[in-house]
2 protein chains.
Amino acid sequence: MSSLRDVAERARVAVSTASAALNGTRPVAAATKRRIEQAAAELGYRPNVLARGLVSKRTRILALLFPAPHSGFGLTEMQFATAAAEAAKERGYHLLLSPEHDDPVEELRYLTGLGLVDGVLVMEVKLADERTEWLAEAGVPFSMIGRTGEPDAVDHADIDFTRMAADAVAHLAGLGHRSMAFFNHAIGAYSAQYGPAIRAGAEFAAAAGEAGLGYVGDLRASTADEGREAFERLVAAHPEVTALAVMSDQAAVGVIAAVAERGWQIPRDLTLMLVLSSARVAEMFHPRLTTLEPPSAELGRLGAGMLIDRLEDGDGEPRQRLVPCRLVVGDSSATPRNPESEAAR
Amino acid sequence: MSSLRDVAERARVAVSTASAALNGTRPVAAATKRRIEQAAAELGYRPNVLARGLVSKRTRILALLFPAPHSGFGLTEMQFATAAAEAAKERGYHLLLSPEHDDPVEELRYLTGLGLVDGVLVMEVKLADERTEWLAEAGVPFSMIGRTGEPDAVDHADIDFTRMAADAVAHLAGLGHRSMAFFNHAIGAYSAQYGPAIRAGAEFAAAAGEAGLGYVGDLRASTADEGREAFERLVAAHPEVTALAVMSDQAAVGVIAAVAERGWQIPRDLTLMLVLSSARVAEMFHPRLTTLEPPSAELGRLGAGMLIDRLEDGDGEPRQRLVPCRLVVGDSSATPRNPESEAAR
DNA sequence: TACGTTTTGCGAAACGTTTCGACAAGCCAA
DNA sequence: TTGGCTTGTCGAAACGTTTCGCAAAACGTA
């Protein structure tokens with residue numbers, strides 16, 4: 001690989017002049033500049049990232065903190081990563097995929113100590129997150145996909161949960177439903193702190209109340225078995241419910257099976273929609289399920305973009321974006337079976 | 001961040017001695033070594049990757065070439081990436097997620113010219129792949145997840161397609177089926193060169209022949225509509241078929257819908273199995289589908305491991321591994337409806 | 001013609017490592 | 001005591017950039 005020195009020799013200038021010309025950091029006479037650029041082109045010169053980073057303290061490398069799959073990874077997490085990598089690439093940055101294990105903070109200490117990365121992208125953020133706390137304290141630039149309970153002035157891109165719940169409720173109410181149930185993720189060691197579960201739960205309750213819908217919100221399921229069981233409990237306690245919103249696609253499998261076992265049909269007897277599952281997954285069900293698709297790629301893109309903005313523009317007001325979900329209507333949405341007498345069913 | 005110089009000062013030795021002690025590249029007196037190590041620990045010293053890479057020409061960074069999603073990415077591709085990152089991390093390496101666009105070779109030229117990566121991990125390898133050709137020619141160390149048509153001496157980890165087809169056929173034959181159909185991926189610009197589609201097609205035909213099963217292998221579908229249509233064609237032309245193996249989960253959605261529309265049931269009237277879909281996806285269907293789950297994580301791990309071996313041990317015989325799939329039996333497999341008279345059905 | 005000012009280019013230092021030749025000290029045999 | 005080895009440590013150079021003080025050249029003005 002040819003170095004800047006080769007370029008300088010070929011253009012018959014000093015190395016420093018070549019550097020200035022190529023980076024535009026100092027004025028260089030037009031003719032000289034042209035000569036240097038041509039020499040660089042002819043040699044196929046590529047600046048060495050390491051040498052550059054060593055002196056400039058900027059590597060243009062971002063790290064994406066990738067949590068160990070806690071509950072089976074989905075397309076969503078995947079899209080964060082690919083979209084972030086794409087966005088980074090477009091702006092001349094690189095993305096390091098950095099898996100996390102038992103001791104995220106120690107690993108973070110190691111990772112940032114390497115002098116390899118300019119900033120960190122954090123995903124699967126918990127309401128109280130030791131990683132973001134450490135990063136803030138250590139003064140390492142970072143942005144979040146998701147957000148902590150008190151994101152204050154921290155850059156982040158997250159789902160607009162308020163709008164998501166409102167959209168879902170509007171969809172159901174628009175079809176004539178008067179009563180709905182929300183199946184949240186199961187309470188686990190993880191989801192106890194998991195922002196999306198908590199925010200979605202709160203926002204659904206609020207949106208249903210706002211719209212005057214009956215609301216059952218204490219159901220929790222993350223597996224097919226749990227979904228089945230939760231559904232049975234629901235039917236026993238709240239037979240008036242005609243519409244279901246389910247967070248976990250795994251749970252939906254169980255719910256649908258339980259519905260079928262009763263001889264009921266979707267959407268004739270019950271409307272069912274997924275929440276925060278990709279359309280690709282939703283259409284794998286039969287019937288194709290309605291879903292509120294998370295803007296995963298958009299979040300990944302935004303997260304990376306914000307971090308780069310921060311790195312380049314230095315400080316400034318916090319960059320924070322809430323992005324709505326996309327409602328993809330499938331074949332699982334319909335008017336309630338008997339709107340008039342539902343309460344008496 | 002403290003540098004090697006700080007460590008050396010604190011331990012009252014020369015920088016070069018500190019380096020030797022910490023890396024073990026030269027003998028250092030035990031007492032001195034201890035002093036240096038302690039100083040390093042006290043300062044929380046982390047060697048700077050850039051400085052080290054600049055002189056040693058080794059960064060311990062691997063790039064994973066990530067193709068632009070051609071037909072919607074699945075869990076499989078995701079697992080390559082995460083497993084490769086994990087494996088790399090365990091051996092002290094980092095993984096760069098490097099998206100590809102229109103001109104893979106030019107991008108590769110750029111990427112490797114940066115001096116940032118020691119080696120490249122290539123996935124979604126086509127039978128004739130310009131990327132691997134370029135890499136080989138340029139002398140850049142690389143390994144493949146998948147393989148070209150003539151992998152010769154190139155390191156790779158791939159699915160054992162022969163075994164996969166044999167396992168599938170054995171499963172179906174074991175249930176009593178005498179005739180099967182294989183739904184391959186649709187012929188697209190991409191899949192025309194796509195190893196898995198081509199290898200699976202060939203191996204299924206061979207395995208069915210070997211086992212003495214009737215075989216229909218000219219069906220192709222990658223979407224629900226195509227799946228539905230292909231199924232109708234199959235029923236019209238080959239009513240004797242009692243077992244289906246489907247490559248695309250999207251196509252399976254269509255097939256299943258078409259089956260249901262005829263009033264048939266799986267597995268009562270027809271056995272259906274997925275090929276190269278994860279169990280997580282397979283159990284999203286109703287009934288839960290049998291699947292031959294690809295060893296994605298294993299392939300990612302192996303691919304990274306091989307590359308690192310090559311980087312560290314220098315040359316040696318090619319490292320090549322074929323890994324079998326895992327048969328996960330769901331509720332979609334059963335004995336044929338009427339084994340005796342199937343040909344007359 | 002001389003002087004101040006601007007433009008243009010140069011050289012050296014620095015970034016934090018690794019590598020390697022040199023050399024002082026210690027030891028043993030002659 | 002000398003000479004030859006071994007062991008342990010040091011200093012300097014190198015990797016490929018960027019940065020920055022300086023000086024040479026070019027220009028305009030008095």
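In the text below, chain A, chain B and the rest are named by the order of the sequence lines, each starting its count at 1.
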Please lay out, stage by stage, how A/Glu42 and A/Arg35 fare under the test salt bridge (Lys or Arg N to Asp or Glu O under 4.0 Å). CA-CA 11 Å; A/Glu42 285 168 5; A/Arg35 247 186 19 251; over 6 Å; no

Quick one: label B/Val49 by what it contacts on the DNA or RNA (base, sugar-phosphate, nothing), any heavy atom closer than 4.0 Å. nothing

What is the distance, rounded to the nearest whole Å, between atom CG of A/Leu50 and atom P of D/dG16? 11 Å

Using atom CG of A/Asp6 as one end and atom C1' of D/dG16 as the other, report the distance to the nearest whole Å. 10 Å

Counting just side-chain N and O atoms, does A/Thr32 come under 4.0 Å of either OP1 or OP2 of C/dG9? yes

Between C/dG9, D/dT18, C/dC15, which one does the side chain of A/Leu54 approach most closely? C/dC15

Look at the side-chain N and O atoms of B/Asn48 and state whether any lies under 4.0 Å from the OP1 or OP2 oxygen of C/dC15. no

Are any of B/Lys57's side-chain N or O atoms less than 4.0 Å away from OP1 or OP2 of D/dG16? yes

The test is salt bridge (Lys or Arg N to Asp or Glu O under 4.0 Å); show your working for A/Glu106 and B/Arg46 and say whether it passes. CA-CA 13 Å; A/Glu106 177 52 31; B/Arg46 310 271 175 214; 3.5 Å; yes

Would you sort out whether A/Arg147 and A/Asp129 count as a salt bridge (Lys or Arg N to Asp or Glu O under 4.0 Å), showing the intermediate values? CA-CA 9 Å; A/Arg147 63 195 138 132; A/Asp129 202 302; over 6 Å; no

Heavy-atom nearest nucleotide on DNA chain D taken for A/Pro47 and for B/Lys33; more 5' hit belongs to B/Lys33

Would you say that more than 12 heavy atoms from the other residues, nucleotides or ligands in this model lie under 6.0 Å from the CZ of A/Arg321, or not? no

Using whole Å, what does the distance between atom P of nucleotide D/dA14 and atom CG of B/Leu4 come to? 20 Å

One would report the end-axis bend of the helix from C/dT1-D/dA30 to C/dA30-D/dT1, five pairs per end and rounded to 10 degrees, as 60°

May I ask you to check whether B/Glu312 and B/Tyr93 show a side-chain donor-acceptor distance below 3.5 Å? yes

Classify B/Arg46 by what it touches in the nucleic acid, base, sugar-phosphate, or nothing, heavy-atom distance under 4.0 Å. sugar-phosphate

Decide whether B/Thr59 and B/Asp118 meet the rule of one side-chain donor and one side-chain acceptor closer than 3.5 Å. yes

Counting heavy atoms from C-beta on, name the nucleotide in D/dG16, C/dG9, D/dG8 closest to the side chain of A/Ala29. C/dG9

Figure out the CZ/P separation between A/Arg35 and C/dG9, and round it to whole Å. 8 Å

A/Glu9 CD to C/dG11 P, in whole Å, measures 12 Å

Could you tell me whether the side chain of A/Ile61 reaches within less than 4.5 Å of the side chain of A/Leu116, counting heavy atoms only? yes

Near A/Lys89 NZ, under 6.0 Å, is it more than 12 heavy atoms from other residues, nucleotides or ligands? yes

Rounded to whole Å, please give me the gap between CZ in B/Arg58 and P in D/dA14. 23 Å

Measure the distance from CZ on B/Arg5 to P on C/dT18 and round it to the nearest whole Å. 16 Å

Would B/Arg301 and B/Glu298 satisfy salt bridge (Lys or Arg N to Asp or Glu O under 4.0 Å), going step by step from the backbone distance to the final call? CA-CA 5 Å; B/Arg301 221 178 349 257; B/Glu298 178 76 4; 3.1 Å; yes

What N/O pairs connect the protein and nucleotides 19-23 of chain D at under 3.5 Å? Give each pair on its own line.
{"from": "D/dG21", "atom 1": "N7", "to": "A/Arg26", "atom 2": "NH2", "distance (Å)": "3.4"}
{"from": "D/dG21", "atom 1": "O6", "to": "A/Arg26", "atom 2": "NH1", "distance (Å)": "2.7"}
{"from": "D/dG21", "atom 1": "O6", "to": "A/Arg26", "atom 2": "NH2", "distance (Å)": "3.3"}

Using only side-chain N and O atoms of A/Arg52, determine if any of them is under 4.0 Å from OP1 or OP2 of D/dT18. yes

Within a reach of under 6.0 Å around CZ of A/Arg5, are more than 12 heavy atoms found that belong to other residues, nucleotides or ligands? no

What is the distance, rounded to the nearest whole Å, between atom CG of B/Leu114 and atom P of D/dG16? 14 Å

